[in-house]
Amino acid sequence: METRSTQKHIRISPRKVKIVLDLIRGKDLAIAVGILKNTPKAASEHVLKLLTKVAADAEHNFQMDTEKLYVKDCFVCPGMTLKRIMPRAKGSADRILKRTSHITIAVAEKE
């Protein structure tokens, strides 16, 4: 049995989130939480919040044991991109792309 949860429209680039997700993929829940608390990346706060939410869902809704949980699957997809304009010299403009992310984490019990 696995529990899956998604957090959408997070204002951080998917490329930055992928680095953090690669650190916790396949790890036990307690080890993954420890890694996220000690990782100095901006994405680790968002991933930690989602991971604790998934663990609470697994415990409350499906009566899974939190000590047996591990991160079965985690990935990030690009969300919508906010397009902004920065004025440049001689009346021209540069485009700024503010990217968003959809993060998905699945946890399961070890047999």
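Counting begins at 1 with the first residue of the sequence.
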Intermediate values then yes/no, side-chain contact (heavy atoms from CB on, under 4.5 Å), L23 and I19: CA-CA 7 Å; L23 293 173; I19 295 169; 5.5 Å; no
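- Applying the under-4.5 Å side-chain rule to Ile, Leu, Val, Met, Phe, Trp and Tyr, the cluster around M80 extends to L82.
- Atom CG in L50 sits 5.0 Å away from atom CD in Q7 (nearest 0.5 Å).
- Atom-to-atom distance recorded for E59:CD and E67:CD is 10.0 Å, nearest 0.5 angstrom.
- Put simply, Y70 and V20 are part of two different groups of oily side chains (I, L, V, M, F, W, Y) that touch within less than 4.5 Å, one to the next.
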From CA spacing to verdict: side-chain contact (heavy atoms from CB on, under 4.5 Å), M1, F62: CA-CA 9 Å; M1 172 90 91; F62 300 103; 3.9 Å; yes
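- Both V47 and I35 belong to a common hydrophobic cluster when Ile, Leu, Val, Met, Phe, Trp and Tyr are linked at side-chain heavy-atom distances under 4.5 angstrom.
- Contact between I24 and C74 at its shortest, heavy atoms only, is CG1-SG, 4.4 Å.
- Between G34 and N38, the shortest heavy-atom contact is O-ND2, 3.0 Å.
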Apply the test salt bridge (Lys or Arg N to Asp or Glu O under 4.0 Å) to residues D28 and K110: give CA-CA distance (whole Å), side-chain angles for both, the deciding distance (0.1 Å), then the verdict. CA-CA 9 Å; D28 288 336; K110 287 186 178 178; 2.7 Å; yes
Begin from the C-alpha positions of V107 and L51 and carry the test side-chain contact (heavy atoms from CB on, under 4.5 Å) through to its verdict. CA-CA 9 Å; V107 296; L51 186 63; 4.2 Å; yes
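- I103 is not listed as a side-chain neighbour of T6, based on a closest heavy-atom distance of 4.5 Å or more.
- In this structure the side chain of R95 reaches within 4.5 angstrom of the side chain of K83, judged on heavy atoms.
- A donor-acceptor distance shorter than 3.5 angstrom exists from the side chain of R11 to the backbone of R99, with no hydrogens or angles considered.
- Of all the heavy atoms in L29 and T66, the pair that sits closest is CD2-O, 3.9 Å.
- A 4.5 Å side-chain heavy-atom check between V17 and I12 finds at least one atom pair inside the cut-off.
- Within 6.0 Å of the CD1 atom in I96, the count of heavy atoms belonging to other residues, nucleotides or ligands exceeds 12.
- For the pair L97/R84, no side-chain contact is recorded, criterion being any heavy-atom separation below 4.5 Å from C-beta on.
- Evaluation of the side-chain contact (heavy atoms from CB on, under 4.5 Å) rule for R4 yields E2, D73, F75, T104, A106 as partners, not counting sequence neighbours.
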Audit row: T3, N61, side-chain contact (heavy atoms from CB on, under 4.5 Å) steps and yes/no: CA-CA 9 Å; T3 305; N61 296 338; over 6 Å; no
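- Every pair passing side chain to side chain donor-acceptor pair (under 3.5 Å) that includes a residue from residues 45-54 is listed here, sequence neighbours excluded: S5-K53.
- What you find for S101 and P14 is that their closest heavy atoms are OG-N, 3.2 Å.
- Minimum interatomic distance between I105 and V71 (heavy atoms only, all atoms of both residues): CG2-CG1, 4.3 Å.
- Of all heavy-atom pairs spanning H9 and H102, the tightest one is N-ND1, 3.2 Å.
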